[in-house]
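Below is one structure, written out as structure tokens, with a few remarks after it.
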Amino acid sequence: MNILFIEDDAMNRRVVRDMLDVAGATMAEADRAEEGLRRIDEEDFDVVLVDLRMPGMDGLEAIGHIRAREDAKRDLPLIVVTADTALDLRERCIAAGADEVLFKPVAMEALFDAIGRILASKSDEDAILF
């Protein structure tokens, strides 16, 4: 499993990388949304994790760019990982095209559950994927 985490905070990226290492997944990193979009152009990922608040383009804009693509990558599973706790945030993220929303600090079980749910919903098989 190859996962991209678009997050400007290096410590948050490290924590998630350590969690994913436990599951044997690989994680690519981007510290800006623009870099994340470039990596999506150039590489194949199974899941994209994206923070909302970053310098320059924010996470919702990045999600909009991904969902507006005209290739198969527009359907990439997208999980928002955020510290924002606005009451309507989950609904806004889902409306923008996110598949799941996780709130920081992210628990390993919540991360694995979210990835598993998304991959299972996008798979034609009933197998456990993660």
Would you find a donor on one side and an acceptor on the other, under 3.5 Å apart, between the side chain of [X] and the backbone of [Y]?
X	Y	answer
R74	I66	no
D46	N2	yes
R39	A30	no
R17	M27	yes
T82	R53	no
D9	N12	yes
R13	E7	yes

| note | Which of V80, L52, D84, V81 passes side-chain contact (heavy atoms from CB on, under 4.5 Å) with V101? Answer is V80
| remark: Only residue of L49, I79, L111 satisfying side-chain contact (heavy atoms from CB on, under 4.5 Å) with I3 is L49
| field | Validation row: L20, T26 side chains within 4.5 angstrom (heavy atoms) | value | no
| task | Would you indicate whether the side-chain heavy atoms of M57 and H65 approach each other to under 4.5 Å? | result | yes
[X], [Y]: one ILVMFWY side-chain cluster at the under-4.5 Å cut-off?
X	Y	result
F103	I118	no
I115	L4	no
V16	V50	no
I6	L89	yes

Roughly how far, to the nearest 0.5 Å, is the [atom2] atom of [Y] from the [atom1] atom of [X]?
X	Y	atom1	atom2	value
M19	F5	CE	CZ	9.0 Å
R92	L60	CZ	CG	6.5 Å
C93	D99	SG	CG	11.5 Å

What pair of heavy atoms forms the shortest contact from [X] to [Y], and how long is it?
X	Y	result
L119	P77	CD2-CG, 4.2 Å
G97	L78	O-CD1, 4.1 Å
E100	I94	N-CD1, 4.2 Å

| task | Would you check, one step at a time, whether the test salt bridge (charged side-chain N to carboxylate O under 4.0 Å, His left out) holds for R38 with D31? | result | CA-CA 12 Å; R38 180 190 56 75; D31 64 0; over 6 Å; no
| Test side-chain contact (heavy atoms from CB on, under 4.5 Å) applied to D58 and E61, step by step | CA-CA 5 Å; D58 70 19; E61 285 181 86; 3.4 Å; yes
| said: For the CD atom on E109, are there more than 12 heavy atoms of other groups (residues, nucleotides or ligands in this structure) within a distance under 6.0 Å? | reply: no
| query | Any ion pair linking D41 and R69 (charged N to carboxylate O, less than 4.0 Å)? | reply | yes
| query | Could you go step by step and tell me if M54 and R32 meet the side-chain contact (heavy atoms from CB on, under 4.5 Å) rule? | reply | CA-CA 7 Å; M54 295 177 282; R32 297 178 341 274; 5.9 Å; no
